[in-house]
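Right, one structure below, let's go through it.
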Amino acid sequence: MKNYDIKKVEKKWQDFWYSNSSFTAVDFSEKTKYYALIEFPYPSGTGMHVGHIKAFTSLDVVARKKRMEGYNVLFPIGFDAFGLPTENYAIKTGIHPREVTNRNIKIFTNQLKRAGFSFDFSRVVDTTQADYYKWTQWIFLKLFEKGLAYKAHSYVNYCPSCQVVLANEDSQGGQCDRCGSEVIQKEKDVWFLKITAYSESLLEGLEHVDYLPRIKMEQINWIGKSEGVEVKFKIKENNEDLLIFTTRADTLFGVTFMVIAPEHPLIERLKDKIENYSELQEYRNLAAHKTEFERLQMNKGKTGVRIIGLNAINPVNGKVIPIFVADYVMLAYGTGAIMAVPAHDSRDFSFAKEHDCPIIEVIKGGDINKEAYTDIEEGILCNSDFLNGLGVKEAQVKITEYLVSRGIGEKMINYKMKDWAFNRQRYWGEPIPIIKCPHCGYVADNNLPLKLPEMEHFQPGTDGESPLASLKDWVRVKCPICNQMAERETDTMPQWAGSSWYFLRYCDPHNNKELASYDKMKYWLPVDWYNGGMEHVTRHMIYSRFWNQFLYDEGIVPVKEPYARRTAVGLILGEDGEKMSKSRGNIVDPIDIINEYGADTLRTYILFLGEYEQPSPWSEAGIKGCKRFLDRIYRFLEKVDFQAKSYSKELEGPINKTIKDVGSDIENVKFNTAISKLMTLSNEYAKYPKLSKKDLETFIALLNPFAPHLCEEINEQLGNNYSMVNTKWPNYDESKTIDNTVIIAVQVNGKLRGTFPIAKDSDKKALEEKALELESIKQHITGKTIRKIIVVPNKIVNIVVN
RNA sequence: GCGGAUAUGGCGGAAUGGCAGACGCGCUAGACUUAGGAUCUAGUGUCUCACGACGUAAGGGUUCAAGUCCCUUUAUCCGCACCA
């Protein structure tokens with residue numbers, strides 16, 4: 001039996017492709033462009049994992065198919081190589097991060113090639129190379145210049161263990177993303193990027209792109225737009241305004257107390273008037289140091305302390321109400337202060353219960369003795385003066401008009417998304433090119449790239465200082481404006497920086513005059529299909545959309561939205577159905593699989609194993625099925641009749657159908673069914689003792705995106721001296737995808753009782769007559785009255801009897 | 001708590017409202033073999049000797065016809081999480 005040496009064959013074709021630059025994208029080609037993008041990997045020391053293979057293979061299939069369809073395909077690869085693991089490894093081993101990164105990139109490059117990915121390796125970018133991060137710094141300075149990068153004294157999430165300031169996104173649930181320890185709030189000077197200036201634009205842009213609905217939803221939630229009213233309450237004791245934000249102005253008559261955040265500046269400002277200031281201080285301290293555990297405990301009840309000596313006045317009815325400090329109100333959202341309506345807000349309700357505040361019902365419909373009534377669809381206003389009898393929506397309109405016309409309220413839109421904390425106290429990142437001058441303030445250092453200085457030890461300084469702070473000679477620098485002694489910013493950028501614009505660099509990766517030429521970007525952008533993990537669909541995507549939109553506004557980039565289409569890969573679980581992890585010991589190393597079964601089998605299996613976007617468990621047994629399938633295709637070579645020029649007659653229908661289905665399945669991210677249809681067709685082929693050369697050529701054309709090495713090999717053995725890379729994707733004849741004979745199902749009262757074959761498009765009458773003649777049908781209708789017969793041409797006849 | 005998804009054989013999973021279980025794995029029997037973790041052939045949802053009946057998380061509904069549409073419930077997963 002004929003078989004082939006997988007290792008030899010795969011090596012042979014990889015050498016062929018990569019030495020002939022088979023996948024090089026051509027700038028400004030006459031062909032229609034197609035830009036397929038995968039999230040570039042972080043080159044970790046452990047090499048690729050199966051998740052990479054799945055994400056990369058799927059778009060490799062798309063890229064290979066598009067090339068066969070005549071597109072000029074850009075399918076680039078690069079490395080997002082700044083980052084903590086490399087730095088930590090450097091600290092531990094003393095090996096320079098540069099060296100570690102170079103080594104890991106080499107490993108990755110090798111592995112990528114062993115999987116046979118059709119990346120354009122002439123366009124590789126590495127975010128840690130000065131000729132790349134020069135432009136990352138340049139974009140930062142652009143933002144700085146436009147006032148979109150600013151330094152502010154602020155409360156930040158700080159991990160005492162890593163001694164690093166964390167972005168909100170890195171400290172979700174109050175835990176450090178890296179080490180899991182408790183994050184505390186710390187006052188610090190922090191660089192921010194003003195992404196909030198783009199909140200609306202980032203939301204609006206989602207209307208013009210084709211992302212998975214789930215992805216859009218998550219981005220919308222992340223931005224978290226809510227429309228409401230900012231209302232001025234007066235503080236009784238000194239007549240100053242206390243601003244609150246509410247989306248429920250209709251409940252204004254139900255306000256029984258106010259709550260401000262523990263960090264609210266009011267407390268410091270009016271501390272002379274506050275009688276229990278020390279008690280408040282104590283509470284504020286406690287709040288700042290709450291652990292995650294305590295937080296969860298306190299979620300049941302709401303803690304807080306009343307400010308004695310200060311009261312507020314409700315602007316609509318003049319009532320005097322107490323003010324509390326409580327940590328269920330966040331300084332960062334809205335105004336950091338709320339009006340509390342316990343009858344109609346569940347948090348205010350539980351706080352009121354805890355602290356014996358009155359609860360006044362202003363919307364009828366619920367039972368406020370039991371719980372807050374928050375329905376906004378059905379309730380009717382009561383106890384609310386001129387709002388009585390109105391529905392919630394109407395009341396909102398009316399009260400808003402009232403507040404605005406009297407100057408005590410203003411329509412306001414709030415967003416959950418906050419400005420992006422942009423500095424890290426780490427070595428292995430892009431230095432922030434800013435000089436702090438005692439006379440001129442923060443000044444841009446336009447002498448780019450500002451290279452990472454050499455150093456030997458990479459430990460962060462104490463108290464959240466960057467390792468770079470210890471390089472006194474590097475830090476001390478003359479101010480570019482006044483020429484006096486000044487100091488460099490010693491923090492570096494977060495890892496999100498380099499990945500926020502890499503897709504632009506791919507258009508023109510060797511340009512040393514601009515981040516990329518406008519014309520080349522104009523040719524390639526937008527990315528036609530971007531694919532990657534679900535874990536990056538908020539942070540990375542929103543950050544990079546922000547940068548792109550900013551650069552678009554600056555006239556540097558030609559498109560407003562960088563990604564026309566975005567899909568996400570489902571996780572591959574271990575054989576035990578659990579997430580792959582070292583501790584579970586259920587990790588599958590893709591290189592082991594390539595060694596044992598070959599890259600083609602791995603590629604085919606990884607797309608066959610389940611619905612693309614769903615998580616699916618790995619199965620060692622399953623992979624053998626794909627190996628068998630590919631082996632069988634190779635053995636078809638033995639049956640080829642080189643005399644026969646066209647398709648074997650019997651196979652015309654199945655072949656045309658398969659061409660149609662495989663093509664549309666790939667476009668629709670249904671790789672598993674695309675492969676199953678190829679398997680079905682191969683089962684058809686297996687029935688016949690001879691195949692024409694064309695039969696097999698068409699088959700390998702369809703299979704080529706999935707198993708390119710095997711298909712090149714078969715193609716060569718068929719005597720063809722061209723590469724599959726440039727083969728045409730087969731066309732199909734629509735008329736031949738439809739069978740001339742169809743099988744009609746016959747039901748009696750909706751239950752299947754028989755079938756019969758008949759010529760396609762036979763008329764209803766013929767179907768009906770034929771159905772009634774069937775023996776199996778007669779059994780079920782004799783002695784009964786036929787009430788109705790439903791006939792669906794080419795499909796079904798349903799006879800209704802009783 | 002809010003938002004989103006998912007639920008189909010022993011397993012992974014297919015099914016524009018029209019023959020549920022494609023395709024693959026596994027399993028059973030047979031063929032070829034010194035051998036089989038190779039290959040080929042046939043079979044494989046459940047109950048029943050069979051005719052047949054029952055089957056897509058549970059319950060209801062719409063329809064000639066429901067895995068698919070509508071309502072209720074349950075379970076699992078993901079995201080956000082005191083967002084005013």
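First the proteins, then the strands, lettered A, B, ... as listed; each starts at 1.
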Which residues share a side chain to side chain donor-acceptor pair (under 3.5 Å) with [X], sequence neighbours left out:
{"X": "A:Arg787", "value": "A:Asn802"}
{"X": "A:Glu230", "value": "none"}
{"X": "A:Glu361", "value": "none"}

Report summary line: Among B:G18, B:A38, B:A14, the one nearest any side-chain atom of A:Glu611 is B:A14
Requested in this report: Give me the residues of residues 679-686 of chain A where at least one heavy atom lies under 4.0 Å from an atom of RNA chain B, by number, or none.
Outcome: A:Met679, A:Thr680, A:Asn683
Output one line per pair: protein atom, nucleotide atom from nucleotides 70-78 of chain B, and distance, for all N/O pairs under 3.5 Å.
none

Distance-only donor-acceptor hits, side chain of residues 613-623 of chain A, under 3.5 Å, sequence neighbours excluded:
unit_1	atom_1	unit_2	atom_2	d
A:Ser619	OG	A:Ala621	N	3.4
A:Ser619	OG	A:Gly622	N	2.8
A:Glu620	OE2	A:Tyr597	OH	3.0

Query raised in the report: Mind checking what makes side chain to side chain contact (heavy atoms under 4.5 Å, CB included) contact with A:Ile376, not counting sequence neighbours?
Result: A:Arg248, A:Val392, A:Lys393
Query raised in the report: Looking at residues at least two apart in the chain, or sitting in another chain, which of them share a side chain to side chain contact (heavy atoms under 4.5 Å, CB included) with A:Leu266?
Result: A:Ile235, A:Glu240, A:Ile260, A:His264, A:Arg269, A:Leu270, A:Leu310
Query raised in the report: Tell me, which stems hold RNA chain B, with a stem being 3 or more Watson-Crick or G-U pairs in a row and both distances under 3.5 Å?
Result: B:1-7 with B:74-80, B:10-12 with B:23-25, B:26-31 with B:39-44, B:45-47 with B:52-54, B:57-61 with B:69-73
Hey, does [X] reach any base, or is it just sugar-phosphate, or nothing, if we go heavy atoms under 4.0 Å?
{"X": "A:Lys670", "value": "sugar-phosphate"}
{"X": "A:Ser619", "value": "nothing"}
{"X": "A:Val329", "value": "base"}

Query - P gap between B:A20 and B:U74, integer Å - result: 31 Å
Atom pairs, N/O to N/O, protein against nucleotides 63-65 of chain B, distance under 3.5 Å?
unit_1	atom_1	unit_2	atom_2	d
B:C64	O2'	A:Asn798	ND2	3.1
B:C64	O2	A:Asn798	ND2	2.7

Please write out the pairs of protein N or O atoms and N or O atoms of nucleotides 51-55 of chain B separated by less than 3.5 Å, giving the distance to one decimal.
unit_1	atom_1	unit_2	atom_2	d
B:A53	OP1	A:Arg753	NH2	3.4
B:A53	OP2	A:Arg753	NH1	3.3

Query - Non-hydrogen side-chain atoms of A:Arg753 and A:Val746 separated by less than 4.5 Å - result: no
Query raised in the report: Of A:Ile338 and A:Ile743, whose nearest nucleotide on RNA chain B comes first from the 5' end?
Result: A:Ile743
**Report entry** A:Lys232 and its side chain to side chain contact (heavy atoms under 4.5 Å, CB included) partner, picked from A:Leu242, A:Ile244, A:Asp241, A:Leu403
**Finding:** A:Asp241
Run the side-chain donor-acceptor check on residues 330-344 of chain A: report pairs under 3.5 Å with partners two or more places apart or on a different chain.
unit_1	atom_1	unit_2	atom_2	d
A:Tyr333	OH	A:Ser226	OG	2.8
A:Thr335	OG1	A:Leu243	O	2.7
A:Thr335	OG1	A:Ala337	N	3.4
A:Thr335	OG1	A:Ala337	O	3.3
A:His344	ND1	A:Tyr373	O	2.9
A:His344	NE2	A:Val362	N	3.0
A:His344	NE2	A:Ile363	N	3.1

Query raised in the report: Do the side-chain N or O atoms of A:Arg635 get closer than 4.0 angstrom to the phosphate oxygens (OP1, OP2) of B:A38?
Result: no
